[in-house]
Structures are given as structure tokens and as C-alpha cells.
There are 2 protein chains.
Amino acid sequence: MSGETPAYHHGDLPTALRAATAELIAERGPTGFSLREVARRAGVSHAAPAHHFGDSRGLLTSVATEGFVQLNIAFAEAVEGLTDPVERLNACGKAYVSTAVNYPGHFGVMCADEIINNDEPEFVEASVGAYLHLLGIMADIRDALNPELDIEAAATMTWSAVHGLATLAPGLDSVAEKTDTKTAPLHDLIDQFTGMMISGFAAR
Amino acid sequence: MSGETPAYHHGDLPTALRAATAELIAERGPTGFSLREVARRAGVSHAAPAHHFGDSRGLLTSVATEGFVQLNIAFAEAVEGLTDPVERLNACGKAYVSTAVNYPGHFGVMCADEIINNDEPEFVEASVGAYLHLLGIMADIRDALNPELDIEAAATMTWSAVHGLATLAPGLDSVAEKTDTKTAPLHDLIDQFTGMMISGFAAR
DNA sequence: GAGAACAGGTTGACAGTGTCAAGATGTGTC
DNA sequence: GACACATCTTGACACTGTCAACCTGTTCTC
């Protein structure tokens with residue numbers, strides 16, 4: 001009555017399972033994921049998840065999709081009110097890394113093609129949507145700064161840069177400790193990063 | 001007599017196990033790794049690996065270490081005969097991505113902190129060595145182009161950029177297909193990438 | 001050279017895992 | 001009230017990592 005879903009025995013088991021999965025992966029990484037442990041944390045039997053997601057790949061795919069949906073929301077919020085494409089690119093770069101850091105469990109499976117069904121329609125829609133958002137910004141940058149810009153190459157490089165940063169971010173402090181060096185704040189790195197990318201895209 | 005190792009029952013089981021592990025991870029990703037499957041491929045019983053590596057983390061750590069050793073070799077070969085630090089950075093960027101693409105099994109565990117013992121001395125030596133190599137090039141770039149360059153931030157960004165590219169490289173074609181776009185050759189992307197980074201590092 | 005010490009590898013057991021089939025229980029419909 | 005169905009449980013199976021015990025060949029010592 002109150003919600004959209006009929007609220008059967010559990011209430012909203014799919015959501016609870018996704019949350020437990022993200023929590024578990026955030027703790028132990030994708031290899032530490034266990035379907036039975038997730039079921040345990042959600043308070044149901046070990047075979048319950050299968051009725052909603054088929055197998056473990058289905059559940060992980062659902063979590064990855066949720067992550068991309070969240071990324072799209074973060075992108076939309078980040079560019080709100082910004083008209084300058086350069087500012088929008090910078091804002092999206094920060095939104096990407098922020099999402100990765102704030103949702104480590106989701107981020108851990110979003111680009112893990114070996115363990116998810118990356119041809120599932122909902123996943124394709126969400127992930128392609130995020131890429132197209134970036135591509136759109138690149139097109140605006142091309143129109144504003146450099147008509148000869150290869151926007152697809154530029155988008156790939158930008159995605160790689162922020163993705164690499166988001167991936168290595170958790171281990172940066174550890175490296176700094178071992179090499180007796182220091183790490184710049186993540187926020188500053190992204191500013192420098194996007195600044196350099198923009199200069200590179202503009203000057204051609 | 002002939003080799004360094006005495007060549008017991010198997011010959012050189014540790015090497016065979018590392019090779020089988022890299023092969024398996026290249027096929028199925030880190031989550032598809034199985035100690036028993038590795039033992040099977042090496043033609044030994046399921047408990048044999050434990051005598052050389054303790055547990056599965058030990059074996060994976062050994063593979064990751066081997067990957068960083070290989071990366072250091074690739075770095076050394078890449079910069080051979082090059083005096084210009086800018087050329088050396090470009091060469092190392094290509095060497096990094098080439099190593100990742102040519103040794104996907106190793107690359108899959110090199111930065112997977114959750115499944116390896118990243119404080120094991122041999123691993124630390126090999127991984128820190130690679131980072132210090134990059135840091136050394138950055139110091140040369142600073143001396144040659146821009147005395148105010150923050151070489152640690154620059155090294156972190158460069159590593160992130162090529163790491164992101166290496167990570168996403170296998171999936172780029174898939175994305176291009178879904179979005180009906182095209183992908184530039186990996187080699188060209190690295191050239192553009194390092195070119196932009198250098199411009200950014202120099203102009204400040 | 002005989003026997004001890006030991007590295008290298010096997011076998012068997014245990015708890016934990018993913019998945020499947022079957023059954024139980026609640027929910028809605030006619 | 002009876003049927004259909006979605007939701008979840010129970011039990012089973014083969015597989016996994018790890019541990020202890022055992023076997024076998026090599027090397028060292030006296």
C-alpha cells in the first residue's frame with residue numbers, strides 16, 4: 001500500500017541484497033564477495049537471492065547498474081547551473097572520483113566485465129548514458145575551443161585519467177608511506193588533471 | 001647440475017604455478033582464480049602449491065611481484081639510449097600499457113591490494129622500484145622544464161592516467177560498439193596523453 | 001655407505017561456497 | 001473457498017581453500 005512494491009515477506013529484498021553486496025565488496029573487494037554471506041546479512045536463506053537475480057552474476061550486475069545510475073545522478077547534479085563546458089568537465093571529473101570513493105562497493109564491480117553481464121539492457125543503458133554525457137561535454141568543448149578536437153579520443157583519455165585516479169586513490173597513502181613521500185589532496189589532483197587536459201584539448 | 005635449482009620431482013614447480021596462475025587470471029579475471037585449478041594445470045595435487053607459497057594469497061603475491069619485476073625490465077628497456085626526459089616519460093608510458101596488455105594475468109593482481117600481501121618485502125621492493133623510476137624521470141623533467149613542478153603529484157597523475165588506460169583498454173572496443181563510435185589506437189592515445197601531461201607540467 | 005634430517009608432493013578430511021530441485025508459506029484472484 | 005503464483009526455505013551436489021598426516025626421494029653427517 002505505502003510503497004511501489006507489494007512488500008511481501010521481507011519488504012524489499014532486492015534492495016536489501018544490493019545494499020549488503022555493496023557493503024561486503026567495500027569491505028573485502030570483489031573477490032571477497034559471497035552470495036551466502038550477502039544472504040546472511042540480509043537475514044534470509046542462502047537460496048533467496050536466486051529468485052530475484054538468478055545467479056550471483058545477476059546480483060553483481062544489478063549493483064553495477066545501480067552504481068552507473070548513481071554516477072549519472074552525480075553528473076547531473078555536478079553540472080547543474082554550469083554553462084561553461086570547461087567547468088562542467090571539471091565538475092564531472094570530481095563527481096566521478098567522489099562517486100567512486102563514496103560508493104566503493106559499487107565502483108568495484110562497475111568496470112569488472114568478467115563478473116557481470118555487461119550486455120544486460122539496463123546495465124548498457126546506464127553505462128552508455130554516463131559515457132554519452134561525457135561525450136556531450138567534449139562536443140561542447142570542441143565547439144568552444146578547438147574545432148579539430150577528436151572528441152572520442154578526448155573522452156577516452158579523460159575517463160581513463162579519472163578512472164585511474166579513482167582506482168589508485170585508496171592505495172596512494174600506502175605508496176607515499178613506503179617511498180617516504182607525500183600525496184597531494186585528491187581534489188587538487190583532479191583540478192590539475194582537468195586543467196592539463198583542457199589545455200591539451202584546446203591547444204592544437 | 002645443469003640449472004640453478006636442483007630439479008626435484010617436478011622440476012620448477014613455483015615457476016609453473018605462477019605461469020598457470022597468470023594464464024588462468026588472463027582467462028577468467030582475478031575472481032575466476034582457483035588454487036586447485038592452477039594445481040591441476042601444473043599437473044600436481046591440490047595441496048602442492050601450499051609448500052611453496054603458503055596459501056593462495058602467497059601465490060598471487062608472487063605473481064604480482066613477478067609482474068612488477070617485468071614492468072621494471074620493460075621500463076629499463078624502454079628508456080635505453082634515451083637522454084631526453086620527455087622522450088623517456090613517453091617511452092615508459094607505452095611500456096606500462098604494453099606490459100599490462102601483454103601480461104594481463106599479472107596486471108590483474110598487481111594493484112589488487114585486497115587479495116595479495118602488499119607488505120611482503122620482495123613485492124614492496126619491486127613495486128616501489130617502479131614508482132621510483134617514474135619519480136626519477138619526473139625529477140629530470142622538473143630540472144629541464146619547470147623548477148616549480150610538484151614531481152610527486154605529477155608522478156601520481158601520470159601513473160593514474162596510464163593505469164586507467166591500461167585498465168579500460170580491454171573494454172574500449174566494446175564501449176565503442178555500443179555507442180556506435182570509434183576508438184583511436186592505443187599507441188596514439190598514449191602519445192596524446194603524455195604530450196598533454198608534458199605540456200601541463202612544463203607550462204606553469 | 002648407513003641412517004638421520006628434510007624438502008617436495010600426495011591423500012584425506014573439514015567447513016565453506018554457488019547452484020539446482022523440491023517443498024513450504026504467504027498473497028492475490030476468481 | 002479454491003486456485004495460481006510469487007516469495008522464501010530446506011536439502012543436496014560438486015566445487016573450493018586449508019589443514020594434518022603420510023609417503024618418497026635427496027642431501028648431509030658420521
- Is any N or O donor-acceptor pair between the side chain of A/Arg36 and the base of C/dG18 shorter than 3.5 Å? yes

In whole angstrom, give the distance that lies between atom [atom1] of [X] and atom [atom2] of [N].
{"X": "A/Leu17", "N": "D/dT7", "atom1": "CG", "atom2": "P", "value": "12 Å"}
{"X": "A/His51", "N": "C/dA22", "atom1": "NE2", "atom2": "C1'", "value": "10 Å"}
{"X": "A/Leu60", "N": "C/dT17", "atom1": "CG", "atom2": "P", "value": "15 Å"}
{"X": "A/Leu59", "N": "C/dT17", "atom1": "CG", "atom2": "P", "value": "15 Å"}
{"X": "B/Phe53", "N": "D/dC19", "atom1": "CZ", "atom2": "C1'", "value": "19 Å"}
{"X": "A/Arg28", "N": "C/dG16", "atom1": "CZ", "atom2": "C1'", "value": "12 Å"}
{"X": "A/His46", "N": "C/dA21", "atom1": "NE2", "atom2": "P", "value": "14 Å"}

- Nearest-nucleotide 5' precedence on DNA chain D, B/Glu37 against B/Ala50: B/Glu37

- Task: Please tell me which of the listed nucleotides, C/dT10, C/dA13, C/dC20, lies nearest to the side chain of B/Ala47?
- Result: C/dT10

Tell me whether the side-chain N/O atoms of [X] come closer than 4.0 Å to OP1 or OP2 in [N].
{"X": "A/Ser34", "N": "C/dG16", "answer": "no"}
{"X": "A/His52", "N": "D/dC8", "answer": "yes"}
{"X": "A/Arg40", "N": "C/dT17", "answer": "yes"}
{"X": "B/Ser56", "N": "D/dG17", "answer": "no"}

- Please assess B/Ile141 against B/Ile151 for the test side-chain contact (heavy atoms from CB on, under 4.5 Å), listing each intermediate value before the final yes or no. CA-CA 9 Å; B/Ile141 289 178; B/Ile151 62 170; over 6 Å; no

- Can you check whether A/Asn117's main-chain N or O pairs, donor with acceptor, with A/Thr61's side chain at less than 3.5 Å? yes

- Query: Any chance the rings of A/His133 and A/Tyr96 have centres within less than 6.0 Å?
  - Reply: no

- How would you label the contact of A/Arg57 with the nucleic acid (heavy atoms, under 4.0 Å): base, sugar-phosphate, or nothing? nothing

- Item | Pair B/Glu77 + B/Arg88, salt bridge at N-O below 4.0 Å | no

